Amino acid sequence: MSALSSEHLLNIEDLTPEDIYLVLDTARSFKEVNERPIKKLPTLRGRTVVNLFLEPSTRTRTSFEIAAKRLSADGINFSASTSATTKGESLVDTAQTLDAMNCDLVIIRHRYAGSPYILTQNMRAHIINGGDGKHQHPTQALLDLFTMREHFGHIEGLQVAIVGDIAHSRVFGSLAPGLRMLGASVTAIAPPTLLPARPDVLGADVCYSLDERLGQFDVVYMLRIQQERLEESPFPTLREYSRFYGINSARLAALKPEAIIMHPGPVNRGVELSSAAIDNARNLLLYQVNAGVAVRMALMYLLLGGESEA
Amino acid sequence: MSKLETKSVVLDKQAIDRALTRVTHEILESNHGAENLALVGIVTRGDQLASALAERILAIEGLEVPVGSLDISFYRDDVANYIAPEVHTTNIPFSVDGKTIILVDDVLYTGRTIRAALDAIMDYGRPAAIQLAVLVDRGHRELPIRADYVGKNVPSSASESVRLFLEPLDGRTSVEILQVAPGERISSAPLGGEA
């Protein structure tokens with residue numbers, strides 16, 4: 001058994017609140033390692049970690065790759081363009097092929113929700129979901145929770161607004177339940193066209209206006225407008241969306257003085273955040289990226305360590 | 001921890017104080033003072049002992065030596081079998097390059113913790129020398145490692161556990177021999193950091 005209550009991380013709900021705090025505490029130690037001149041630990045020497053990224057990604061893939069290297073694991077990268085999936089190989093066949101090569105951990109990003117689960121049914125390796133369709137992105141949620149916890153010292157009681165494309169967002173899919181598990185309150189802010197048909201299933205307060213309650217949030221979490229996932233136009237123009245749902249200088253001024261702005265990246269500059277907002281000191285974008293490596297190291301350590309304990 | 005029963009108390013608080021004072025003098029004697037020394041304690045008991053040694057060095061030599069703490073969880077040789085339930089942060093707020101590092105731990109046992117600690121310190125730089133100070137040496141080494149400074153040698157059996165209790169963490173200060181129930185894990189014990 002591994003140290004966590006689940007041997008895979010497909011959904012944030014696979015973890016208990018205790019598991020989440022264990023990941024965040026362990027990540028704090030790895031963050032210290034990442035600030036040393038020699039950023040390398042022998043911990044996972046000889047383990048094989050596969051990055052199976054069948055959808056474009058820079059920061060998540062790079063972050064996992066750096067995390068594996070800093071723990072001395074051997075990392076192998078697959079991308080959609082170089083893998084046999086372009087030759088029409090099915091996911092099940094890919095999984096069985098990788099399994100035959102004795103991988104210890106596979107991180108998968110795929111455009112279809114549930115693909116990580118397919119891997120767990122066809123491989124012996126531990127599986128981490130690196131983002132599946134519009135479903136979940138649990139490691140992003142963990143690094144966001146880490147960032148909030150380090151900034152405020154706690155997560156319980158925080159008032160968090162998540163703004164933007166709620167309907168298509170796998171970031172929301174993991175972050176909102178994660179925040180609820182740890183006792184924060186979540187408000188989803190979006191135009192009705194970017195909310196699911198039944199917003200009541202979100203388990204969050206829903207608000208159509210960003211300005212209405214802007215002054216009461218501790219965290220304003222801006223989701224990226226994912227033009228690649230929008231089948232029809234949910235709003236007339238990006239400019240109009242930005243005017244109603246983007247953070248600009250005027251809205252910066254309306255925030256609580258201690259409030260922070262977060263964004264999973266990559267930012268559409270001038271859409272979710274104006275240049276002034278991006279450059280604002282309260283913006284923790286780069287801290288989130290930095291924390292991402294430590295959080296992923298912690299997950300790898302906790303999933304791969306101690307597994308043969310009787 | 002309910003399966004551990006105290007068999008005997010090897011060192012009480014006074015005896016620990018005296019042993020630490022003697023070890024301090026030995027460190028100062030063999031290094032000709034405290035110049036260029038730095039103390040690094042292995043969490044969660046060695047770091048407290050390192051601070052206690054630093055206080056004594058200050059009292060004797062009037063010199064403040066830098067103190068760091070080291071968590072060796074990520075350097076263990078048994079990560080695949082067992083991982084520490086709680087990872088502490090390493091904090092070495094000084095450069096180890098060219099320094100004489102006194103590595104401090106509570107109980108020296110198999111030597112595996114020390115092996116891991118040596119690797120960990122080397123990742124911070126290149127010390128001039130590393131010396132090892134332990135409060136208790138209980139024997140049963142599995143690696144060619146020995147301590148330079150020993151508070152007390154305590155011959156023990158492999159079915160026993162030797163553990164340091166410290167007032168702020170455990171409510172009492174003593175070194176005790178505990179009987180381990182058959183089948184209980186005794187090396188890499190999560191509490192007491194026995195090594």
Side-chain angles (χ1 to χ4, degrees), chain A residues 1-5 7 18-19 21-49 67-73 102 104-105 125-126 146 149-150 293-310, chain B residues 38 40-44 47 68-99 101 112-127 130 143 181-191 193:
Chain A
M1 263 311 287
S2 57
L4 301 172
S5 36
E7 56 180 313
E18 293 72 36
D19 286 335
Y21 280 122
L22 178 62
V23 172
L24 302 187
D25 286 342
T26 310
R28 200 179 271 162
S29 304
F30 283 119
K31 197 158 180 304
E32 182 272 327
V33 171
N34 289 333
E35 279 147 22
R36 294 184 196 173
I38 299 174
K39 304 168 189 62
K40 187 103 174 169
L41 295 168
T43 320
L44 296 182
R45 202 173 40 203
R47 303 304 195 89
T48 306
V49 175
K69 285 190 156 75
R70 293 202 176 147
L71 289 170
S72 302
N102 293 322
D104 297 297
L105 173 68
H126 298 276
F146 181 88
R149 187 174 181 227
E150 294 305 295
V293 175
V295 165
R296 288 170 176 126
M297 287 170 81
L299 268 177
M300 288 181 184
Y301 169 71
L302 293 169
L303 284 176
L304 289 180
E307 62 184 344
S308 60
E309 174 82 327
Chain B
V40 173
I42 299 174
V43 290
T44 56
D47 54 338
S69 63
L70 188 65
D71 182 284
I72 54 101
S73 306
F74 305 138
Y75 291 87
R76 300 186 68 95
D77 56 11
D78 57 354
V79 172
N81 304 315
Y82 169 80
I83 60 176
E86 199 181 336
V87 173
H88 304 269
T89 307
T90 291
N91 179 24
I92 299 186
F94 49 86
S95 163
V96 303
D97 287 328
K99 287 223 167 48
I101 304 289
R112 288 177 191 268
T113 299
I114 305 304
R115 199 281 311 158
L118 292 174
D119 276 358
I121 290 179
M122 294 301 185
D123 277 358
Y124 279 88
R126 188 180 187 280
I130 301 178
L143 295 173
E184 270 296 275
R185 167 186 292 279
I186 49 165
S187 66
S188 54
L191 188 94

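Sequence lines set the chain letters: A, B, ... in the order given, protein chains first and strands last, and positions in each chain run from 1. These numbers come from a predicted model, not from an experiment.
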message: Ring-plane angle category for A:Phe30 and B:Phe74, please: parallel below 30°, perpendicular beyond 60°, tilted otherwise.
response: parallel
field: Atom of B:Asp123, atom of A:Lys40 and distance for their closest heavy-atom approach
entry: OD2-O, 3.1 Å
- request: Count the heavy atoms belonging to other residues, nucleotides or ligands that lie under 6.0 Å from CZ of A:Arg36, then report whether that count exceeds 12.
  value: yes
- line: d(B:Asp77 CG, A:Arg45 CZ) to nearest 0.5 Å is 9.0 Å
query: B:Tyr75 and A:Leu41: side chain to side chain contact (heavy atoms under 4.5 Å, CB included), yes or no, with the steps?
result: CA-CA 7 Å; B:Tyr75 291 87; A:Leu41 295 168; 3.0 Å; yes
statement: Distance col, row B:Asn91:CG vs A:Glu32:CD, nearest 0.5 angstrom, shows 7.5 Å
- request: Looking only at non-hydrogen atoms, find the nearest pair between A:Ile38 and B:Met122 and report the distance.
  value: CD1-O, 4.5 Å
